[in-house]
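This report concerns only the one structure given below.
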Amino acid sequence: MKILTFGASPSKHSINRRFARFVAGLFTNAEITALDLNDFEMPIFSVDREHPIREEALKFAKHIDETDLIVMSLAENNGNYSAAFKNLYDWVSRIPNRKVWNNKKILLLSTSPGGRGGSSVMEIALKRFPFDGAVIVGSMSLPSFNQNFSDSEGITNPEFLAKAKELVEGFQHTSP
């Protein structure tokens, strides 16, 4: 199985990138491609600039097309997507004859340093992504990232670790 993973944040030290990579690593027999949003930086989308479609948007879409599962973790900025992710989303949405997620399965994650774990942006994505071709196979928010995650151990809270493993195992049992 091919897994594409990324954190929907441009931060060089993105907690969402770290969280998504950890959860993707829980899958067995998977080929994982990890992306960094900084590799897809483009001018702010505008209908005045949409032609031609930027090469970065086409490359991101190609990564989507070449995977079986996307494991992404959403960063929350003022209760919504990060500007960098929203810009990339907008550019990919303008590629002719495609939906952004191209009917790919997505394990949708979010985290933040705060107690809600990015739950506001998670709610937005759970409602929006299916309209753009996402097949959401599971979701999880990890609150208080700095208290519940370490780079050496991953998710340190047993309850949240069990939830992540349950999502992964549930997907692996239902997918061919």
Side-chain angles (χ1 to χ4, degrees), residues 1-27 29-112 118 120-141 167-168 171-172 175-176:
M1 170 175 34
K2 292 182 179 181
I3 296 176
L4 177 66
T5 185
F6 62 93
S9 165
S11 171
K12 291 179 183 177
H13 306 287
S14 171
I15 62 176
N16 284 281
R17 185 180 321 119
R18 291 158 49 201
F19 180 39
R21 286 182 181 176
F22 173 79
V23 173
L26 295 175
F27 283 86
N29 301 319
E31 177 185 326
I32 298 171
T33 299
L35 300 181
D36 182 334
L37 282 195
N38 292 302
D39 295 333
F40 302 94
E41 189 173 324
M42 295 174 276
I44 296 173
F45 175 80
S46 161
V47 294
D48 299 326
R49 295 182 181 149
E50 74 176 296
H51 298 291
I53 299 295
R54 300 291 173 153
E55 187 64 30
E56 295 88 347
L58 296 170
K59 286 179 184 176
F60 188 79
K62 185 176 182 198
H63 281 292
I64 291 170
D65 295 344
E66 294 175 344
T67 196
D68 301 310
L69 173 68
I70 300 168
V71 177
M72 85 169 80
S73 185
L74 299 164
E76 185 173 284
N77 294 150
N78 297 316
N80 212 318
Y81 309 121
S82 70
F85 176 71
K86 179 64 167 77
N87 192 49
L88 180 56
Y89 195 106
D90 289 343
W91 276 104
V92 173
S93 77
R94 303 308 286 192
I95 298 172
N97 304 312
R98 87 169 278 126
K99 292 191 174 197
V100 174
W101 304 113
N102 203 20
N103 299 311
K104 294 295 178 171
K105 296 175 182 172
I106 297 178
L107 178 53
L108 192 57
L109 309 169
S110 66
T111 191
S112 73
S120 293
V121 71
M122 175 68 78
E123 290 174 25
I124 293 167
L126 287 170
K127 290 178 184 172
R128 179 70 228 165
F129 283 11
F131 289 106
D132 290 320
V135 179
I136 308 292
V137 297
S139 64
M140 175 186 172
S141 291
L167 286 171
V168 168
F171 178 79
Q172 289 184 149
S175 292

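Because only heavy atoms are used, hydrogens play no part in the values below, and waters and symmetry mates are left out as well, while side chains stay in.
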Nearest-0.5 Å distance, [atom1] of residue [X] to [atom2] of residue [Y]:
{"X": "Phe27", "Y": "Thr5", "atom1": "CZ", "atom2": "OG1", "answer": "9.5 Å"}
{"X": "Asn102", "Y": "Asn97", "atom1": "CG", "atom2": "CG", "answer": "11.0 Å"}
{"X": "Phe60", "Y": "Asp39", "atom1": "CZ", "atom2": "CG", "answer": "11.0 Å"}
{"X": "Leu167", "Y": "Ser139", "atom1": "CG", "atom2": "OG", "answer": "7.0 Å"}
{"X": "Ile70", "Y": "Ile106", "atom1": "CD1", "atom2": "CD1", "answer": "4.5 Å"}
{"X": "Thr111", "Y": "Met140", "atom1": "OG1", "atom2": "CE", "answer": "8.0 Å"}

Kindly write out the residues that satisfy side-chain hydrogen bond (donor to acceptor under 3.5 Å, both in side chains) with [X], not counting sequence neighbours, or none if the list is empty.
{"X": "Lys59", "result": "none"}
{"X": "Arg49", "result": "none"}
{"X": "Ser120", "result": "Arg116"}
{"X": "Tyr89", "result": "Asp132"}

For a quick test of reading the model, state the closest non-hydrogen atom pair linking [X] to [Y] and the distance between them.
{"X": "Arg17", "Y": "Ser11", "answer": "NH2-O, 2.7 Å"}
{"X": "Phe19", "Y": "Ser110", "answer": "CE2-O, 3.6 Å"}
{"X": "Ile136", "Y": "Pro130", "answer": "CG1-CG, 4.3 Å"}
{"X": "Gly133", "Y": "Lys99", "answer": "N-CD, 3.8 Å"}
{"X": "Leu109", "Y": "Ala20", "answer": "CD1-CA, 3.9 Å"}
{"X": "Ala125", "Y": "Leu74", "answer": "CB-CD1, 3.4 Å"}

Between [X] and [Y], is any pair of side-chain heavy atoms under 4.5 Å apart?
{"X": "Leu108", "Y": "Met72", "result": "yes"}
{"X": "Asp65", "Y": "Arg98", "result": "yes"}
{"X": "Thr33", "Y": "Thr67", "result": "no"}

Near-ring test Phe40/Phe6, centroid separation under 6.0 angstrom: no
For the backbone of [Y] and the side chain of [X], can you confirm whether one donor and one acceptor N or O come within less than 3.5 Å of each other?
{"X": "Asn87", "Y": "Met42", "result": "yes"}
{"X": "Arg94", "Y": "Pro96", "result": "no"}
{"X": "Ser9", "Y": "Ser14", "result": "no"}
{"X": "Trp101", "Y": "Ile64", "result": "no"}
{"X": "Asp36", "Y": "Asn38", "result": "yes"}

Qualifying residues under salt bridge (charged side-chain N to carboxylate O under 4.0 Å, His left out), relative to Arg18, sequence neighbours excluded: Asp151
Where at least one partner belongs to residues 70-86, residue pairs that pass side chain to side chain donor-acceptor pair (under 3.5 Å), sequence neighbours excluded: Asn16-Ser73, Lys86-Asp90
